[in-house]
Amino acid sequence: MTSSRTPDTPRTVAIIGGGAVGVATASFLLRDGHNVVLIEPGGIGEGASFGNAGVLAPSSVVPMSMPGTLMKVPFYLLDPLGPLSIRWSYLPKLAPWLMRFVRAGTQAGVRAQARALRPLLDDSYSAWLPLVRHAGNEALIRRDGFLAVYRSDADFASDALGYQLRRDNGIAFEVMRGATLWAFEPAISRDYTVGVLFPQAGNTINPNRLVRSVADAFLRDGGRVVAARASGFAHTGGVLSGIETDAGLIPASAAVVACGAHSRPLAERLGDDVPLDTERGYHVLIADPETRPLRPILDASAKFVSTPMETGLRMAGTVEFAGLDAPPDWRRAEHLMTLGRRLFPGLAPTYGEGRVSRWMGFRPSMPDSLPVIGRSSACADVVYAFGHGHVGLASAARTGMAVADLIARRPPAFDLAPFAPTRF
Ligand SMILES: Cc1cc2nc3c(=O)[nH]c(=O)nc-3n(C[C@H](O)[C@H](O)[C@H](O)COP(=O)(O)OP(=O)(O)OC[C@H]3O[C@@H](n4cnc5c(N)ncnc54)[C@H](O)[C@@H]3O)c2cc1C
């Protein structure tokens with residue numbers, strides 16, 4: 001890839017974490033002429049970036065905590081299979097985060113959050129395009145739109161504020177009803193009577209391959225990947241000299257923390273106590289489905305997305321608060337399959353061995369639905385880029401551009417103040 005701009009002083013930049021955010025950021029920094037090393041202990045793109053729904057949608061500006069969230073918390077605790085559930089055993093640890101989450105959902109709060117997310121999610125398809133094209137895999141992303149479906153007008157009306165936030169932020173959508181909707185998406189059940197199409201939205205047909213192919217291009221262009229787990233920073237007087245890892249010290253004069261849900265301890269090492277937790281999500285993937293939608297579909301009542309992937313039909317979503325250590329509750333994945341059959345009556349009532357795979361991943365989530373993008377307090381050479389919650393795939397490329405701007409000391413293309421690590 002040709003350099004976009006050669007910085008006055010190329011630096012050795014260490015990117016910690018090889019998910020969508022880390023890989024996109026590494027690619028933009030390499031483009032800027034830096035020496036870039038990506039530190040990742042596992043497989044590239046195998047964290048949350050592996051099993052998501054693949055949606056690249058500017059319409060995702062609507063935050064998770066909306067007015068009225070407080071009244072819903074008891075239901076989150078009582079229904080282990082609900083769209084959002086909290087494990088009782090995790091409640092004491094989650095409580096401070098949960099209070100912030102509830103407080104973030106005021107009318108003024110959600111308007112400010114949607115406004116902040118807008119430029120980060122702006123035309124997410126086009127933001128990824130140069131990276132994917134350069135990797136020679138343009139077919140991995142498509143722009144077929146994103147459809148939200150409802151079982152009744154009352155359900156649709158309950159999301160009115162979300163549509164107002166989208167309207168306020170210039171996001172186009174088109175409402176369809178009954179026969180028009182069923183002709184547009186023939187695979188869905190006739191029990192779904194309202195649909196909202198976001199025509200600007202894109203999607204990937206394989207999020208893991210998307211991240212891996214951009215990482216392969218990064219390697220071809222001279223970037224390096226080191227298999228190691230970062231544990232801290234070597235810095236003196238605010239000047240970074242390297243990253244401490246289980247494979248020894250990796251010299252670096254700048255660094256980006258992009259470890260997704262695992263970023264909090266590293267920020268703490270630099271004196272920043274960021275309220276990062278995880279919203280665990282699940283997917284089931286039917287390798288050879290009898291039917292499939294033409295584009296990603298959000299079942300807006302059940303809060304899951306079904307996406308036609310190159311590997312099959314994926315049903316992904318829901319939120320479970322149980323931390324990073326508790327084992328998966330696979331009943332939630334099974335429940336996604338039940339919901340999938342409700343949305344697509346053409347799916348078989350049972351599947352034999354080997355046709356369905358399931359997955360659980362850790363969304364890196366901040367209580368105000370905004371990621372952390374900004375410099376660390378103790379060492380300005382370290383930039384944070386984590387906490388992207390439900391929109392980390394869609395916003396990874398624009399995050400990478402913003403981080404490259406920070407490291408080059410160029411003014412970023414949009415205001416990063418709402419994403420400040422010190423905002424809490
Ligand atoms: C079910 C589900 C559906 C979703 N659907 C969508 C969607 O449709 N669209 C969308 O935009 N987003 C979606 N998301 C959210 C999206 O997947 C995440 O926001 C995004 O993947 C986060 O990317 P990341 O690079 O920050 O983290 P990750 O992909 O988790 O990558 C972090 C990496 O850091 C590494 N790491 C951890 N600790 C260390 C360390 N100490 N040193 C070095 N490396 C370390 C990990 O091994 C990992 O590879 C979904 C998430 C889920 C769970």
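Note that ligands are numbered from 1 as they come in the structure, with each ligand's atoms numbered from 1 the same way. Note that the structure is predicted; figures quoted are calculated from it, not measured.
Contacts of Arg229 with ligand 1, taken as heavy-atom pairs under 4.0 Å, involve both backbone and side chain. In His283, neither the side chain nor the backbone holds a heavy atom less than 4.0 Å from any atom of ligand 1. Of the heavy atoms in Phe362, none comes closer than 4.0 Å to ligand 1.
Closest to atom 39 (C) of ligand 1, if we only count protein heavy atoms, is Cys259 SG, 3.6 Å. Ranking protein heavy atoms by distance to atom 53 (C) of ligand 1, first place goes to Arg363 CG, 3.6 Å. With hydrogens left out, the protein atom closest to atom 38 (N) of ligand 1 is His262 CB, 3.5 Å, a heavy atom. Distance from atom 46 (C) of ligand 1 to its nearest protein heavy atom, with residue and atom name: Glu40 OE1, 3.5 Å.
The option with the heavy atom closest to atom 18 (C) of ligand 1, from among Ala53, Gly389, Ser49, is Gly389. For atom 28 (P) of ligand 1, the nearest non-hydrogen atom from the set Ala48, Gly18, Ala14 comes from Ala48. Looking at Asn52, Asn203, Val21 and measuring to atom 4 (C) of ligand 1, the nearest heavy atom belongs to Asn52. Closest heavy-atom approach to atom 22 (C) of ligand 1 among the candidates Pro364, Gly19, Gly361: Pro364.
Checked by atom type and distance alone, the side chain of Asp405 never pairs as donor or acceptor with a backbone atom of Arg410 at under 3.5 Å.
At least one N or O atom of His390, backbone or side chain, sits closer than 3.5 Å to an N or O atom of ligand 1.
Aromatic rings from Tyr192 and Trp182 are positioned such that their centres are separated by 6.0 Å or more.
The side-chain contact (heavy atoms from CB on, under 4.5 Å) check on Arg269 picks up Phe233, Glu244, with sequence neighbours excluded.
At a 4.0 Å cut-off, at least one heavy atom of Ile16 sits close enough to ligand 1 to count as contact. Under a 4.0 angstrom heavy-atom cut-off, Ala261 registers as lying outside contact with ligand 1. Ligand 1 has Gly54 within reach: a non-hydrogen atom of the residue lies less than 4.0 Å from it.
Annotation: cation-pi pair Arg166/Tyr163 present, NZ/CZ under 6.0 Å from the ring centroid and within 45° of its normal.
Tested against Phe321 for a ring pair (Phe, Tyr, Trp, His ring centres under 6.0 Å), the candidates Tyr90, Trp97, Tyr76 yield a single pass: Trp97.
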